[in-house]
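The structure appears below as structure tokens.
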Amino acid sequence: MIKTSHWEYWPVSAFYAPVMPYWLWISLKARTPFFFSAANPSIPYAGFTLAPKNQIYDLIPTHCYPKTRLVQGTADMETLEHALYAEGFRFPLMAKPNIGDRGTGVKLLHTPAELRRYASESKVDFLNQEFIDYEHEAGIFYYRIPGESRGHISGIVAKLYLTVTGDGISTIESLLAREKRYFIQLPLLKVSYGTRLKTVLPAGERYTLPYGSHCRGAKFVDISHRINPAIAHVIDSTCQRIPGFHYGRLDVKFKSWEDLAMGKHFSIIELMAQPVNLPISMIRRIRSSSHGKKSADIGGCYIASVRPMPNGKALS
């Protein structure tokens, strides 16, 4: 009943079914199903799907994202552990598949034993990443019309982690069961945390899962009122240093809004395209900037004619 009455939990296939016929029609006109990759030509498929995360991180200025190492699925664990320590990695570490899917396979590892277990169970290449223990996380939607000197933030959503507060009597499991959003996560949490959920938290103590993914219990809240010239400048300056990046969402962790506005104490956790969320302001600006040019009609906006490239990318 919880999932049925809240559209955010509906299956992806049901949620996007109404736009699929139009997407297929535009794909035929543009001669590629990834017509939107013209927005970010340096990222495979514009970063929408099947893009290796390590290739995306390589485009971002190194001081703007967590220290990251790619681990091959066949890596020797002893060699890997020595390499991690030699390169300055310390536990806890985040582990995530190099090609991800809405937070699947992302896990916080506290010990070398947990790393070995994660590696043994992983069937794909994955990333080890330093854990950024900042209080805030937000998804920042950004776009810049190619050729224009300044980009824009079209929206910001706060990511509120799954958190419970102890009362000195109840177990973590019983605290989770009291909240609708957390209750539906219990089957997965029991697999991941086992008997740890039977722990009784002292009164006032908070227990938080550090995963900013909707499918891991995080709640997304529109906080676009936080957009201001200082934050817009920081994000635009950063994004303009990412080659071939014009449109997408940045998942950013940061200490405080004041620090973010000054360009301090923030880290880009993920960068991805969100072509289905093209903002109306971008549509209008693309229309006006493409007046008189040969173009393909893409979702009500116009992008210069797109042709597929051998490597799966597209150029406008």
Do [X] and [Y] share a hydrophobic cluster, counting only Ile, Leu, Val, Met, Phe, Trp and Tyr and linking them when any side-chain heavy atoms are less than 4.5 Å apart?
X	Y	value
M20	W25	yes
L108	V106	yes
I56	F245	yes
I140	F254	yes
I269	F141	no

State the [atom1]-[atom2] distance between [X] and [Y], to the nearest 0.5 angstrom.
X	Y	atom1	atom2	value
E135	T208	CD	OG1	10.0 Å
L175	Y182	CG	OH	10.5 Å
Y143	C239	OH	SG	13.0 Å
T68	L127	OG1	CG	6.5 Å
W23	F35	CH2	CZ	8.0 Å
L197	K190	CG	NZ	8.0 Å

Determine whether [X] and [Y] make a side-chain contact, defined as any pair of heavy atoms from C-beta on separated by less than 4.5 Å.
X	Y	value
L84	R69	yes
V164	L176	yes
V71	L80	yes
T165	L201	no
I242	L271	yes
D125	P97	no
K96	E270	yes
E137	V252	no

Minimum-distance pair of heavy atoms, taken over all atoms of [X] and [Y]:
X	Y	value
P112	E81	CB-OE1, 4.0 Å
Y142	Q240	OH-CG, 4.0 Å
K253	Y161	CE-OH, 3.3 Å
A95	L109	CB-CD1, 3.6 Å
Q55	P44	OE1-CG, 3.6 Å
I153	A232	CD1-CA, 3.7 Å

Legend entry - Criterion side chain to side chain contact (heavy atoms under 4.5 Å, CB included) on H233 and R150, from CA distance to verdict: CA-CA 9 Å; H233 174 72; R150 186 169 62 90; over 6 Å; no
No-hydrogen, no-angle side-chain donor-acceptor test under 3.5 Å, [X] and [Y]:
X	Y	value
Q129	K67	no
Y247	N40	no
R144	S149	no

Considering only distance and modelled atom types, tabulate donor-acceptor pairs under 3.5 Å from the side chains of residues 258-268, sequence neighbours left out.
from, atom 1, to, atom 2, distance (Å)
D259, OD2, S256, OG, 3.4
D259, OD2, H265, ND1, 3.1

Inset, instruction - Taking the six-membered ring for Trp and the single ring otherwise, decide whether the centroids of Y65 and Y57 are under 6.0 Å apart. - result: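 Yes, ring centres under 6.0 Å apart.
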Legend entry - Centroid-centroid distance, H110 to F91, less than 6.0 Å: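 No, they do not, as the ring centres are separated by 6.0 Å or more.
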Inset, instruction - For the pair Y118 and F126, name the ring-plane relationship: parallel under 30°, tilted 30 to 60°, perpendicular over 60°. - result: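 Perpendicular.
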Below 4.0 angstrom, N of the basic side chain to O of the carboxylate: do [X] and [Y] qualify?
X	Y	result
E114	K107	no
D167	R178	yes
E130	R90	no

Inset, instruction - Give the intermediate values and the outcome of side chain to side chain contact (heavy atoms under 4.5 Å, CB included) for residues S42 and L59. - result: CA-CA 9 Å; S42 62; L59 298 172; 3.7 Å; yes
Inset, instruction - Verify the neighbour count for atom CZ of R206: are there more than 12 heavy atoms of other residues, nucleotides or ligands below 6.0 Å? - result: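 Check fails, neighbour count at 12 or below.
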Inset, instruction - Taking atom CD of E78 as the centre, report whether more than 12 heavy atoms of other residues, nucleotides or ligands fall under 6.0 Å from it. - result: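 Result for CD/E78: open.
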Inset, instruction - Give the intermediate values and the outcome of side chain to side chain contact (heavy atoms under 4.5 Å, CB included) for residues I223 and W257. - result: CA-CA 12 Å; I223 55 168; W257 289 100; 3.4 Å; yes
Inset, instruction - Any chance you could lay out the side chain to side chain contact (heavy atoms under 4.5 Å, CB included) test for K159 and F220, step after step, and finish with the verdict? - result: CA-CA 5 Å; K159 298 189 174 189; F220 292 4; 3.7 Å; yes
Legend entry - Donor-acceptor contact present, side-chain S174 to main-chain T171, <3.5 Å: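 Checked: pair present.
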Legend entry - Test item: N128 side-chain N/O and L70 main-chain N/O as donor-acceptor pair under 3.5 Å: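 No; judged by distance alone, with no hydrogens or angles, the pair does not exist.
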